Amino acid sequence: MTQNSRQPAPFYDVVIVGGGVVGSLVAYRLSQYNISICLLDKEADLATGATGANSAIVHAGYDPKPGSMKAKYNVEGNLLFQTLCDTLGVPFIRNGSLVLAFNEQEHSQLAGLLQNGRINGVPGLEMLRAEQVRNLEPSVSGEVYSALLAPTGGIVCPYELTFAAAEVAYDNGAGFLFEHEVTRISRDDKDGRFTLTCATSKGHGPIIQIEAGLVVNAAGVYSDKVSAMAGDRSFAITPRRGEYSIVDKQIGRHVRHTIFQAPTEKGKGILVTPAVDENIIVGPNARFIDDPSDTSTTAEGIEEIWANALRSVPSLDRSYSIRAFSGIRATSSTHDFIVGESAAVPGLFQAAGIESPGLTAAPAIAAVLEESVVGTIRRSGKAITVKPGITMNRKAPVKFRSLELDAQNELLASNPLYANVVCRCENVTEPEVIDAIRRTIGEVTVNGIKMRTRSGMGRCQGGFCLPRILAIVARETGMDETDITLSGTGSEILTGRTRVISRVDG
Amino acid sequence: MMDRDIRNSIIQYDTPEMHNIRDEYDVVVVGAGPAGLSSATSAKIAGARDVLIVERDRMPGGILPQCIHTGFGLLEYNEELTGPEYAGRWIAKARAAGVKILTGTIVLSIRDTEDVFHAGGDQNAAAAKTMKEIVISGVCTGIRTIRAKAVILAMGCRERTRGALGIPGRRPAGVITAGCAQRLVNVEGFMPGRRVVILGSGDIGLIMARRMTLEGARVVAVCEKMPKPGGLERNVQQCLKDFGIPLILNCTIIEIHGKDRVDSVTIARFDRDGKMIEGSSENIGCDTVMLSVGLIPENELSRSAGLKMDPRTGGPVAGADLQTSVPGIFACGNVFKVYDLVDNVSLDSVTIGKAAGAYVAGRDFKGSLRIEKEKKSADFEEPEDDDTKFIICTVCPRSCRIRAKREPGGEWAFDGYSCSRGTEYAIAEVSNPVRVLTSTVLMKIPGSDHPDSEGGTADRSIICGEFLTDERIYPVRTDRPIPLGKMSDAMAQIRRFVLDHVPDVGEIVITNIAGTDANIKVTGL
């Protein structure tokens, strides 16, 4: 059941394929205009692909090759983050990054990065000697030789940013359709209109068709397939999996900076970083895989990331890890982001191959796509203007645990349920769960509530709060408990009731 | 009579008594599980004037209300009680002693204040002890600070998770800890799966193997990484062997498969050195992975209160006077160390309650805790055949291992027992094994609609005050053991049965279940 469902219209000025951070930010920016827009996602909720599973960091921009799209959008995106997060009520911390070198050879690599960064326009880069590194970040290995400090590096919760952007877009009138997987795209050469054929509810629902004036392809690891459906076969995506481990917030203050190692040909290497919610994230490795949906973790992968993480921060206690996960990055055959209108298919706008530093780049990519979409619509003769009365701001949802006592008491006076702690690891209260259910634009799922409230994200991993979450969702939505899913159709949590009243008479 | 009192006392938790919380107590106990109930009662009897238990769940008992099986009270009462019955006894004792229980309320923090008290009226400055400050949060109290002379920590433990183990593979629906599944099945009335592989042979996992089987699920296997089962031998017998559920030792799950819901697991076997045996991996189809892989003392509150922890037990360090490293703070039950038997939790917690009572009264206290005996190893490799059976006696917690051998004349001979009750038990086991059946019955008041079916009403709390609805399940048991062979008939009858009124604890709701002469009675609320 879609919580905030809007009936799909037969035609939209713009259809966005993909509800990750890029698609949602594009929807956010376009939702201010007097055009009809709709975002489609094949999953039940936003942020289920790479956006939901990455390092959650905002890169400074010293790494990408100068002159590349990655370099351009990384540096531009980084500059936009503070304002964007303030506007959307999303926590963002500029904690700074350190790239560690353990020997003379790695040190010269850092010199290369510093050079790169300066060309890319990254401010404040500085080379630190071993003792300076240890002063700044005492938990860094005593073996450290030197480090590159990038003070503009930051951390953000990528899915919270995505939810926030989508909520504003929704309030501004944007349509959202979940469990709608695009299976075919045709384009009428006369009027340039697209027809998108969608399978619904993972193939269990009817097939529907939606017409669109323009299409934005933000389909992540599937962006080559979506592009090809529309007629542009100029690039291919190879899924590349990265595995991570999450460390209990009990030792979350063990590191303050995002700690990288000198990059290898395999990638930017394994990092150790604090997260905005006080956990520590360790990872990722990088492995090319065949199935773009295969988010498995492997024993060897987790060993690999920990072995490397401990090289940077030897005192990090692995026994505090509470979860492993993996994310799939969309590595493009062009080795760069693909952003802008397709040369082969007019009206198709690409945001493809958005791998690292994609989260950082997302606000800049959304801005440039907004500009080109608006320009195209304007050139078609339509008067495109900002709608009156819209807002681009979002008020941050209540996080009762982080309020001062006075503020807590004020909330309690109006709603005593704030005293009811549903998730004891993360101290999430009942009204926060209710608010998350009401804010959800897609299907209400247990994973969705977890990502919006952190209920179930702590050290007990939902063992305590799951029965309570099921009860609250059933009460708030009218769903039967047995229909509630972890992450959409087919992932029902319960298989039935132990006792049912027999409906047979006599 | 006593049962009626228990029920009234539970209902009372939603009466004005709850809103009538004082600013100061002699002893505040965190958690109303077996450890909290018994330590609070004992502290009160030992001389503490006002004792308050703060419990986060909607009813007292801790984990016991979901442990609807028998096996509690053998040491303390020489009886086989179910969890709800055992909890009922301690709730009644606590109430009788005058202990106050505040439910639906969580303790947020504990710290020392600047104020002191003089225990036992000794005005000597050296006898001054620091008052504690406890911040609580609940729907009935709001966020409130109360003070106490002593605090007893009895928060229990939590389960190790998939994340802590790092089981590789996908992360679909259908991976659940055994304790969470137990709550869903026994308290909420939901089935978490149909075809189950259980990882770990801890007691909760074994108990849930039987529970799921009785409720119609198929438990395909219980995998244990160690060469011996982790749970009590009685549970291996009564939960696995009774139902023919395979226990695979030296074996673990190495990968979980399934995109939306679990569809299979890969298991592999290990040699004596803990190395995976090459070529031993196999795929088992299932929709559920249930984890019973250990318990961890829940000590977030203890750490935030500054208690020194023992890395071996995972619990706080305690001295000869049974205080933790912070004077006036005591810890008991699974917070202190993970116990096998609830009876031992209660008996030790009584000792710790006495220590807390002595502390507030200004008396010296010396005491020591029980040491749980190592369980005897079960050797499952020993062959059984038609004429040789190995029986784990479950009459008392000693768990004697009795060998039954059929003589050429057809008579059975036994050895390995320690008392005559053991031989009686063994005779029954080889001729006609009998078991107490525990389950749940549905209660629905005729004409009522399920209150949850309307939706969108946040005016009530989930945790506080929602347990007396007009449609819910109640834990039940047979009042005497029934033949093992009658279990499935009895379950079929229980499944069809609907109770039309709110029962009393101890009320018989089905007589002569499955023609066995045994009755089904309600064990808790």
Side-chain angles (χ1 to χ4, degrees), chain A residues 202 245-246 250 293-299 302 321-325 405 408-409 412 416-417 419-422 424 427 430-431 434 459-464 466-468 470-472 474-479 481-482 485-502, chain B residues 56 104-106 108 137-143 158-159 161-164 166 168-174 176-177 179-180 183-185 187-194 215 254-255 259-261 287-288 300 303 440-442 444 452-458 461-464 473 495-496 498:
Chain A
K202 297 187 180 170
S245 182
I246 302 264
Q250 204 173 302
S293 73
D294 185 3
T295 56
S296 297
T297 56
T298 63
I302 300 301
S321 43
I322 58 172
R323 188 174 174 86
F325 68 91
L405 189 61
Q408 289 185 333
N409 279 322
L412 274 170
L417 288 187
N420 194 8
V421 175
V422 173
R424 69 185 185 208
N427 279 328
E430 189 172 339
I434 295 169
R459 54 189 73 97
C460 94
Q461 291 285 298
F464 175 79
L466 177 67
R468 288 155 179 83
L470 294 175
I472 296 172
R475 186 190 66 198
E476 291 300 311
T477 63
M479 287 168 88
E481 283 91 340
T482 55
T485 66
L486 182 69
S487 56
T489 304
S491 67
E492 285 73 18
I493 298 208
L494 303 169
T495 56
R497 289 173 194 278
T498 58
R499 299 288 174 270
V500 281
I501 292 168
S502 166
Chain B
R56 66 185 156 215
T105 307
I106 194 164
L108 296 177
S137 172
V139 175
C140 298
T141 56
I143 296 181
R158 61 164 189 271
E159 299 178 276
T161 66
R162 176 187 180 182
R170 299 230 189 182
R171 290 169 301 288
I176 191 165
T177 56
C180 182
R183 175 163 179 128
L184 288 171
V185 175
V187 179
E188 318 279 339
F190 297 115
M191 286 297 280
R194 294 192 184 94
E215 290 298 343
I254 57 165
E255 191 169 358
K259 206 165 162 233
D260 298 316
R261 174 93 197 179
D287 65 10
T288 305
E300 280 68 38
R303 270 186 216 100
T440 60
V441 293
L442 179 66
K444 184 171 165 62
D452 285 353
S453 62
E454 288 157 29
T457 49
S461 159
I462 286 287
I463 293 172
C464 180
I473 56 169
R495 225 176 265 129
R496 284 194 305 269
V498 182

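On a predicted model such as this, the values are computed, not experimentally measured, just so you know.
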Practice prompt. Examine whether an atom of A:Ala324 lies under 4.5 Å from a heavy atom of chain B, and if so say whether it belongs to the side chain, the backbone or both; otherwise answer neither.
Written response: backbone

Response to the item:
Applying a strict 4.5 Å limit to non-hydrogen atoms, the region of A:Leu470 in contact with chain B is side chain

Worksheet, complete the sentence: Closest non-hydrogen atoms of B:Glu255 and A:Ser296, given as atom of the first, atom of the second and distance, are OE2-OG, 4.2 Å

Discussion item. Salt bridge or not between B:Arg170 and A:Asp294? Use side-chain N to carboxylate O under 4.0 Å.
Written reply: yes

Worksheet item: If you count heavy-atom pairs under 4.5 Å between each of A:Ser293, A:Ser245, A:Cys460 and chain B, which one has the most?
Response: A:Ser293

Discussion item. Tell me whether B:Arg162 contacts the main-chain N or O of A:Ile322 through its side chain, where contact means a donor paired with an acceptor under 3.5 Å.
Written reply: no

Practice prompt. Select one option (side chain, backbone, both, neither) describing which atoms of B:Arg183 are under 4.5 Å from chain A's heavy atoms.
Written response: side chain

Fill in: Any donor-acceptor pair under 3.5 Å from B:Arg56 side chain to A:Val421 backbone
no

Worksheet item: Which distance, rounded to the nearest 0.5 Å, do you find between the CZ of A:Phe464 and the CZ of B:Arg158?
Response: 12.5 Å

Worksheet item: Among B:Ala173, B:Gly169, B:Gly193, B:Cys180, who wins on heavy-atom pairs under 4.5 Å with chain A?
Response: B:Gly169

Worksheet item: What distance separates A:Thr498 OG1 from B:Leu442 CG, expressed to the nearest 0.5 Å?
Response: 8.0 Å

Practice prompt. Compare every heavy atom of B:Pro172 with every heavy atom of A:Leu486, then report the nearest pair and how far apart it is.
Written response: CD2-C, 3.6 Å

Item to complete: Would you mind checking which part of B:Arg303 comes under 4.5 Å of any heavy atom in chain A, side chain (CB onward), backbone (N, CA, C, O), both or neither?
Response: side chain

Discussion item. Please check this pair: side chain of B:Arg194 against backbone of A:Thr495, looking for a donor-acceptor N/O pair closer than 3.5 Å.
Written reply: yes

Worksheet item: Is any side-chain heavy atom of A:Glu481 less than 4.5 Å from a side-chain heavy atom of B:Glu188?
Response: no

Worksheet item: Which bit of B:Ile143 comes within less than 4.5 Å of chain A, counting heavy atoms only: side chain, backbone, both or neither?
Response: both

Fill in: B:Glu300 and A:Arg424 ion-paired at < 4.0 Å
no

Discussion item. Please classify the contact of B:Thr440 with chain A as side chain, backbone, both or neither, using a heavy-atom distance under 4.5 Å.
Written reply: both

Worksheet item: Between B:Gly142 and A:Ala419, which heavy-atom pair has the shortest distance, and what is it?
Response: CA-CB, 4.3 Å

Worksheet item: Can you tell me how far CD1 of B:Ile176 sits from CG of A:Leu466, rounded to the nearest 0.5 angstrom?
Response: 5.5 Å

Fill in: Winner by heavy-atom pair count (cut-off under 4.5 Å) against chain B, out of A:Glu492, A:Arg459, A:Gln250
A:Arg459

Practice prompt. Mind checking the CD1-OG1 spacing from B:Ile254 to A:Thr298? Nearest 0.5 Å is all I need.
Written response: 11.5 Å

Worksheet item: What are the two closest heavy atoms between A:Arg497 and B:Phe190, and how far apart are they?
Response: NH1-CE2, 3.2 Å

Worksheet item: Could you state the interatomic distance from CG (A:Asn427) to CD1 (B:Ile106), rounded to the nearest 0.5 Å?
Response: 6.0 Å

Worksheet item: In Å and rounded to the nearest 0.5 Å, what is the NZ to OG distance from B:Lys259 to A:Ser487?
Response: 9.5 Å

Item to complete: Look at A:Thr489, A:Ile302, A:Ile493, A:Asn409 and state which one has the largest set of heavy-atom pairs under 4.5 Å with chain B.
Response: A:Ile493

Discussion item. Tell me if a side-chain donor or acceptor on A:Thr297 pairs with a main-chain N or O of B:Pro168 at a distance below 3.5 Å.
Written reply: no

Fill in: Ionic contact status for B:Glu215 with A:Arg499, cut-off 4.0 Å
yes

